[in-house]
Number of protein chains: 2
Amino acid sequence: MNLKELAENLGLSQTTVSRALNGYPEVSEATRVRVLQAAEQYNYRPNTRAKGLATGRSMAIGHVISTSTKTELVNPIFADFIAGAGETYAKNGYDMLLSIVSDDEEARVYRDLKAKGTIDGIIIHAPKVNDLRIPLLQQLDLPFLVHGRSSRGSSDYAWVDVNNEQAFQRATEFLLDLGHTRIALVNGDENIDFAKKRRDGFLSAMKTRGVDVRPDLMRSDDMTEVHGYVSAKDMLAFDVPPTAFLVASTITAYGVRRAIEESGKVMGREISVITYDDALSYFRNGNEVPVFTATRSSVQEAGRISAELLLEMIANPGLGPQQRLLEAQLVIGKSTAPAPKD
Amino acid sequence: MNLKELAENLGLSQTTVSRALNGYPEVSEATRVRVLQAAEQYNYRPNTRAKGLATGRSMAIGHVISTSTKTELVNPIFADFIAGAGETYAKNGYDMLLSIVSDDEEARVYRDLKAKGTIDGIIIHAPKVNDLRIPLLQQLDLPFLVHGRSSRGSSDYAWVDVNNEQAFQRATEFLLDLGHTRIALVNGDENIDFAKKRRDGFLSAMKTRGVDVRPDLMRSDDMTEVHGYVSAKDMLAFDVPPTAFLVASTITAYGVRRAIEESGKVMGREISVITYDDALSYFRNGNEVPVFTATRSSVQEAGRISAELLLEMIANPGLGPQQRLLEAQLVIGKSTAPAPKD
DNA sequence: GAATCATTTGAAAGCGCTTTGGTTAACACC
DNA sequence: GGTGTTAACCAAAGCGCTTTCAAATGATTC
């Protein structure tokens, strides 16, 4: 069933039917009702492509997820982020277009999406400290929003980010308050901005308290379980091992925990752990009492907010780039305890 | 830059330019080269919507992920599945459209996607034992493929699935061979077909060997970490606790492991664990030696194959529904040992 | 009763592409 | 020279919608 057929069925012009369906005022209430009923009855839905062609808008938002060509990892936090965003899109009649792109092709993909007119806006993830995608998108004149921030370069773009520096600074202070000084940092890939910021927060807290930072207690890599395991296992074998770990994700924290237990120590007694917790739906940090003491911020919530801001910017082009800084909560779990006296 | 402008620039008609770009034979080699060069130079990309309107195809595949209205969980295995599928789509010029839908709206969403012509085909996930989506999609005349199978109802539809029954049967036999008889099943939600099949495999192996199955050693729920923890903790507190766990996912297995360690026992010594391993990229089952003995099948691979089969079916409508049964591998890790003698 | 106005409707153009059904020119053949 | 054939190109219709501009109708005003 298309508009023409529907109009013929009703004995009306396409114009009138289109107007009735789209809520324009120049239609008598009687015919509007008649049209809506008929549309319902025949289950009429306007063809997306035709509508888009006529209006110049595609009613779709792109999400580009870049996988490094080498590692081919897909971060599961995307699943939750996208769930949050998808909800907002659905509510506003937008579709979500997903592109999985190897990082050497990203520039081409953006240009194509713009030139082909596939999408009205785009959300990008995990920006690097100095991310070239941002100037590229600025120049492309395609509304976009960054999940995260990029420290260097222009700051005149839309983003939604967590206050990562503050989160890890507080976490570090908490460990210091417990008497820990040999604190290890099992970070994400520090080429990515958020990991860099977390490191900054860690270092800043240590410096403020005048505690020496041992470079051999800092690791940085993709936030897999194995990364946590390997890093912790390695450091626990030191002559003077760390007494606490600051970890970048619950997944990695599970690896750290595995190494701790393998070493015969007990987490939350001899060894303390604080992790960043994205509140992943399949990876809740325990049920009642959190397993890990954690800096928590829901990535699903971030997805929802990101989508809302982007749609807002698309609706009001004069609005300028929207930005939102979320604060992580420090929740106390069973993984932290005072530093052992030795 | 659109086709008209490009054609004017070249002093050719839109017809000829379109033909040159799409590889039709009625164009001289000289002009084809000229056209391609110009297109390259102006970075011309045909407008997706216009092309779709003219051809009647949208060059997009929909993925519908349903979240139960109650739990709002987003299974991270989708991230990997989608990564696999996305690769195939990109290679073939298709876009991927993602819908996150609460389960009470699914039927409407399918009808809409079909009526609006947004997509050329659809992939659905996690079918129930008796899944109503399948007859609905059959009736809608929209090419579709199911990731998983639905035991009841017509079997005349396209699917890609793992031989779940066989996988868990083998895993159970392996535990029985090690002398375990008190084997607990920490399964996924058994309303979903794959979980049902795994249970069948488990029961079939137990029955064949004449080992009694204790109903209180079987749990079924969403495959979260917490589900594993709570189930295992509960069962380990029994007067006669299980000596082995058969678990539905690595994530859940981490919960089981947490409970085991909390109980003061050691996994791979007093307690054995076998898990199903989807080979999630952020959740590799250990590095060299697997942490868990596991039945492994890559969900990313399943995504790739699913996308390939669906595109094939779209390209050749006469082909009939494609189906592919993948076998899981039984890999031996550090989590299994002979049953303790008591 | 004529002029004005608001209300409601419709014809047709246009969005950017593909594709049908030509047309033209060059060439070969008898 | 006339007839076919082929290669290369183009004009225009059509995909299903929105939107501009015009027209018809009935109500209102003087």
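Please read these numbers as outputs of a predicted model, since none were measured by experiment.
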Of B:Leu53 and B:Gly11, the one whose nearest nucleotide on DNA chain D sits closer to the 5' end is B:Gly11
Whole angstrom value for the distance that separates P of D:dT18 from CG of A:Leu12: 15 Å
Between B:Glu29 (CD) and D:dA7 (P), how many Å, whole number? 14 Å
Rounded to the Å, how far apart are A:Leu21 CG and D:dT19 C1'? 15 Å
Atom-pair distance (CZ on B:Arg32; C1' on D:dA7), nearest Å: 13 Å
Under the side chain to side chain donor-acceptor pair (under 3.5 Å) rule, what do B:Thr15 and B:Ser18 come out as? Steps first, then yes or no, please. CA-CA 5 Å; B:Thr15 312; B:Ser18 170; over 6 Å; no
Out of curiosity, B:Arg34 CZ to B:Gln37 CD, how far, rounded to the nearest 0.5 Å? 9.5 Å
Would you check, one step at a time, whether the test ring-ring contact (aromatic ring centres under 6.0 Å, His included) holds for B:His63 with B:Tyr89? CA-CA 12 Å; B:His63 282 239; B:Tyr89 297 145; 5.7 Å; yes
A:Met59 CE - D:dG16 P separation (whole Å): 21 Å
What are the residues of residues 110-120 of chain A, sorted by number, that bring a heavy atom to within less than 4.0 Å of DNA chain C? none
Would you please test A:Arg149 and A:Asp193 for salt bridge (charged side-chain N to carboxylate O under 4.0 Å, His left out) and show each step? CA-CA 7 Å; A:Arg149 275 173 295 174; A:Asp193 197 82; 5.6 Å; no
Audit row: B:Ser102, B:Asp104, side chain to side chain donor-acceptor pair (under 3.5 Å) steps and yes/no: CA-CA 6 Å; B:Ser102 73; B:Asp104 53 336; 2.6 Å; yes
Protein-to-nucleotide contact annotation, 5' to 3' order, nucleotides 17-26 of chain C [B base; S sugar-phosphate only; - none; under 4.0 Å, heavy atom]: BBBBB-----
To the nearest 10 degrees, the angle between the two end axes of the helix from C:dG1-D:dC30 to C:dC30-D:dG1 (five pairs per end) comes to 60°
Report, one pair per line, the protein and nucleotides 24-26 of chain D atoms (nitrogen or oxygen only) whose separation is under 3.5 Å.
none

Nearest 0.5 angstrom please: B:Gln139 CD to B:Arg111 CZ, how far? 6.0 Å
What pairs with B:Asn9 under side chain to side chain donor-acceptor pair (under 3.5 Å), at least two apart in sequence or on another chain? none
Write down the distance between CZ (A:Arg57) and P (D:dG16), rounded to a whole number of angstrom. 22 Å
Just verifying a value: how many Å separate B:Leu98 CG and A:Ile61 CD1, rounded to the nearest 0.5 Å? 14.0 Å
How many angstroms lie between atom CG of A:Leu145 and atom OG of A:Ser306, to the nearest 0.5 angstrom? 5.0 Å
So which of B:Trp159, B:Phe78, B:Phe144 actually passes ring-ring contact (aromatic ring centres under 6.0 Å, His included) with B:His125? B:Phe78
On the nucleotide C:dT8, are OP1 or OP2 found under 4.0 Å from the side-chain N or O atoms that A:Thr31 carries? no
Restricting to side-chain contact (heavy atoms from CB on, under 4.5 Å), what partner residues turn up for A:Asn130, sequence neighbours left out? A:Arg152
Just by distance, do the side chain of A:Asn92 and the backbone of A:Tyr94 share a donor-acceptor pair under 3.5 Å? no
Does a side chain donor of either A:Ser66 or A:Asp103 reach within less than 3.5 Å of an acceptor in the other side chain? no
